[in-house]
Number of protein chains: 4
Amino acid sequence: MTASETRLRADAQRNRDQIVAAARQVFAEAGPDVPMEEIARAAGVGVGTLYRRFPDREALIRAVARESFAQVLADAREAAAEEPTAFDALVRVVGRSHQLQASVQLALVSERAKEILKGDPETAASRDALMAELDAIVKAAQAEGSIRADVGTGDVAILFSLVLRQPPAVDDPALLAFERAAAVMLDGLRSSSGSPLPGRPITGEDLRIS
Amino acid sequence: MTASETRLRADAQRNRDQIVAAARQVFAEAGPDVPMEEIARAAGVGVGTLYRRFPDREALIRAVARESFAQVLADAREAAAEEPTAFDALVRVVGRSHQLQASVQLALVSERAKEILKGDPETAASRDALMAELDAIVKAAQAEGSIRADVGTGDVAILFSLVLRQPPAVDDPALLAFERAAAVMLDGLRSSSGSPLPGRPITGEDLRIS
Amino acid sequence: MTASETRLRADAQRNRDQIVAAARQVFAEAGPDVPMEEIARAAGVGVGTLYRRFPDREALIRAVARESFAQVLADAREAAAEEPTAFDALVRVVGRSHQLQASVQLALVSERAKEILKGDPETAASRDALMAELDAIVKAAQAEGSIRADVGTGDVAILFSLVLRQPPAVDDPALLAFERAAAVMLDGLRSSSGSPLPGRPITGEDLRIS
Amino acid sequence: MTASETRLRADAQRNRDQIVAAARQVFAEAGPDVPMEEIARAAGVGVGTLYRRFPDREALIRAVARESFAQVLADAREAAAEEPTAFDALVRVVGRSHQLQASVQLALVSERAKEILKGDPETAASRDALMAELDAIVKAAQAEGSIRADVGTGDVAILFSLVLRQPPAVDDPALLAFERAAAVMLDGLRSSSGSPLPGRPITGEDLRIS
DNA sequence: AATGAATGAGTATTCATTCAT
DNA sequence: GATGAATGAATACTCATTCAT
């Protein structure tokens, strides 16, 4: 019985994963309003199964967002741990996350998705953890003098989110253009830059407002 | 007769303008899929009136996009003519266009809107004219040495589009954050910046592909 | 003043006639549910003018039907007066009315039109007059021995209505096919025919039921 | 699995059949423009179900027409096989088809329906098969000398269509009138008839034009 | 549990009719 | 009077969600 239950769970888990993966992809391609049936089809299951796992669209959006944030967080931690300098870590996070944009995009682009995620504690937790990690990297970069002192973690997060929003696929010729844009932005973050920024540094905390 | 005809037209024109203005606003707030009725309500007319002017949603989207591009174009021209340096013109375009983001956003954010606009020659013409103007400004800025030589007009357009995409309202506290982001990007464009960019400069022509 | 009033009336009358003529044509082509605006366009007037003359679609349908019946009636009378035999008159009525099919069709084809006309006394009067004329012709034909005795005026009316319903235009190659069909039916009406018909002769009165 | 699949299909099929039957009836009563909801109600299903089976109104019209033609064809084949003479077969086809008028009517009466069916290969096939069957019967009747030699299958088809167009219900007192009309037409087709017909015989092929 | 059929509420669009010009 | 713009009710069609199999 335990065995069968376990096997069942494995099945169910696989199903769930397929659905989330399919949803991530389909959301990225067609926005958070795609017909549920399309997602189900992409996942290779019936709508009924989808609804068994996720009571409604919002739950599915939450699941996708949670997973996306978790992946980016893991990536950031890995980068911080493995790269020689904090600046290299920042570069790697932007670069890698390019491959994750589709994931994060959801949380950034759609007004509706934002509304939905606003109330989700688990997403909030991922987000906070991610922001904390980013904060550490940014501060380290400033300590090592590789990025200007007048930016806060929030500033960096916003800059990153701008680039991550755009979804050229990995094989899209437009990808290069966005890598260049990211590079220009990173150059803008370098300490050497001259013009003073308006207002005061935006912190991670500041972003919680929006 | 002419008088009455003219007066009638004036009325109709006012109505039409209200509709486009309302649509621009509502699209910005709720995306290109908002109920037509909501747009009509915002414009203070009945749905029937909206449909008399614009045979379907696509026509309305096109109208909003045309007008938006035209406004940004006018702005860019003005900036180029009035600002002392090309770099100042760039700064002004980004700054001003912030007030137009809602307009441009439509053309940038939604996959659906993109598809619709792809086939519209008038939008294409506005876009080309805008790109030409931007090209002139960028080249002048490079000639005056205020921005790095290894970026093309397409690079600048992409960077601008990244910032313009985000739609914090003028009274939104988040606005400052985006102005800072824009400033960082402009700093990244300054000649003084160090790291070489990957690939080759993206031209305005390159963007026509996408 | 009288002059101006008269001129006005003439104008209005012309307008009215144009509208009825256009409606007849458009009804024939597209059924009694065509958009009122299409009729107005065909008549070369604005919808407002159309509605000034005819308070609603039903009134317009009635007007078209009245005129159509009146024309067929006039035609039948002329045929009866001018043709040498009653049978020739029948032939002529069917033939001529071919040109009028569009007119009569309205009253025959659409369930909705039937309903509307059912309550119109003027249409009823035209119809009765037409039936009386046909009755005279049929009886004369039977008296002269040119059509079988076991048919009533109602039978003939139904047969005629069957052929008149079909609307091939005068320049339609299908017109010949329908003239042949009419000829076969007339042959069927000739006395020489053999098989006894079921039931009893249908009179003009019988048709008032439907 | 097969069992459950089959049972499910059976349910769906029953539903589909109910929808087509209801549509046939409702189309006959109120024309091809009746609200889809009315059809759904008549079929005892929700609109959604109707649209699941038939993507739009045209698909439903096609389905009704296909089935109607198929039924008339089956009837004609049966008549040809069972009746002692070809003429009897003709009589039976007209008589039986009276019960099917509602079916055929759709394809004959509405301009819109015609347009829709014009492009449907399956309807065209049914129509061709029906015409072939009728052709055989007509030629046999001419061979046995029971109908005049100067008519083609197309002539007969048109005559039949004239009678079949009219839709008195089986319990309608007007039914007798139409049976009489059909009888007169059949008499007109008998060889004994006298007057020469205009033009040349209309064949089945000729009708394909329209 | 999985499936996909059924439901009906939500939205786009059309068109009869009214009314300001 | 004539015009055509405005209105909103009617109807087609879609899709989230539920439920029988």
Side-chain angles (χ1 to χ4, degrees), chain A residues 8-9 11-12 15 33-41 44-58 60, chain B residues 1 3-16 19 33-40 43-58 60, chain C residues 8-9 11-12 15 33-41 44-58 60, chain D residues 1 3-16 33-40 44-58 60:
Chain A
L8 213 50
R9 246 187 224 162
D11 252 44
N15 243 328
D33 294 328
V34 271
M36 294 296 263
E37 194 132 8
E38 198 167 317
I39 299 171
R41 202 178 321 122
V45 303
V47 255
T49 305
L50 192 163
Y51 272 93
R52 167 176 295 275
R53 294 301 163 221
F54 305 95
D56 54 23
R57 177 187 296 274
E58 303 205 351
L60 182 55
Chain B
M1 198 178 182
S4 106
E5 194 184 354
T6 305
R7 211 160 355 139
L8 206 54
R9 248 187 222 160
D11 252 46
Q13 186 59 43
R14 180 149 44 86
N15 246 326
R16 207 200 100 106
I19 291 171
D33 293 329
V34 269
M36 293 296 262
E37 196 134 7
E38 197 168 318
I39 299 172
V45 302
V47 252
T49 303
L50 194 164
Y51 274 95
R52 167 179 280 272
R53 292 309 157 210
F54 305 96
D56 54 23
R57 177 187 297 276
E58 302 204 352
L60 182 56
Chain C
L8 213 53
R9 245 188 226 160
D11 251 44
N15 242 330
D33 293 329
V34 271
M36 294 296 263
E37 194 132 8
E38 197 167 319
I39 298 172
R41 202 179 321 125
V45 303
V47 256
T49 305
L50 192 163
Y51 272 93
R52 168 176 293 276
R53 296 298 165 224
F54 304 95
D56 56 21
R57 176 188 297 275
E58 303 205 350
L60 183 55
Chain D
M1 197 177 183
S4 104
E5 193 184 356
T6 306
R7 214 165 348 143
L8 207 54
R9 247 188 221 159
D11 252 45
Q13 186 59 45
R14 180 149 44 87
N15 245 325
R16 207 200 99 107
D33 294 328
V34 268
M36 293 297 263
E37 195 134 6
E38 196 168 319
I39 298 172
V45 302
V47 252
T49 304
L50 193 164
Y51 274 95
R52 167 178 281 271
R53 292 310 158 209
F54 304 96
D56 55 21
R57 178 188 296 276
E58 302 205 352
L60 182 55

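A note on names: the letters A, B, ... follow the listed sequences, proteins ahead of strands, and every chain is numbered from 1.
In this structure, the CZ atom of C/Arg41 is 15 Å from the C1' atom of F/dT3, given to the nearest Å. Atom CZ in D/Phe54 sits about 13 Å away from atom P in E/dA5, given to the nearest Å. The CD1-C1' distance, from B/Ile39 to E/dT13, rounds to 13 Å in whole Å. Look at CD on C/Glu38: it is 14 Å from P on E/dT14, rounded to the nearest Å. Distance CD1 (B/Ile19) to P (F/dT7): 9 Å, rounded to an integer number of Å. Atoms CG (B/Leu50) and P (E/dC15) sit 17 Å apart, rounded to a whole Å.
For DNA chain E, runs of at least 3 consecutive pairs of the Watson-Crick or G-U wobble type, with both hydrogen-bonding distances under 3.5 angstrom, map to E:2-21 with F:2-21.
Residues forming a side chain to side chain contact (heavy atoms under 4.5 Å, CB included) with D/Arg52 (at least two apart in sequence, or on another chain): none. In terms of the side chain to side chain contact (heavy atoms under 4.5 Å, CB included) criterion, residue partners of D/Glu38 (sequence neighbours excluded) are, by chain and number, D/Val26, D/Val34, D/Pro35, D/Arg41. Scanning for side chain to side chain contact (heavy atoms under 4.5 Å, CB included) contacts around D/Tyr51 gives D/Met36, D/Val47, with sequence neighbours left out. Residues satisfying the salt bridge (Lys or Arg N to Asp or Glu O under 4.0 Å) criterion with D/Asp56, sequence neighbours excluded, are absent altogether.
The side chain of D/Arg52 approaches E/dA5 more closely than any other nucleotide in the set E/dA5, E/dA2, F/dA5.
Side-chain N/O atoms of C/Asn15 include one lying less than 4.0 angstrom from OP1 or OP2 on F/dA2. Between B/Thr49 and F/dA5 there is no side-chain N or O to OP1 or OP2 distance below 4.0 Å.
At a threshold of 4.0 angstrom between heavy atoms, the contacts of C/Arg53 are confined to the sugar-phosphate backbone, with no base atom among them.
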Summary of protein contacts for nucleotides 11-18 of chain F, nucleotide by nucleotide, where a base hit scores B, a sugar-phosphate-only hit scores S (4.0 Å, heavy atoms): -SBBSSBB
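When every heavy atom of A/Leu50 is checked against every heavy atom of A/Val45, the shortest pair comes out as N-CG2, 4.4 Å.
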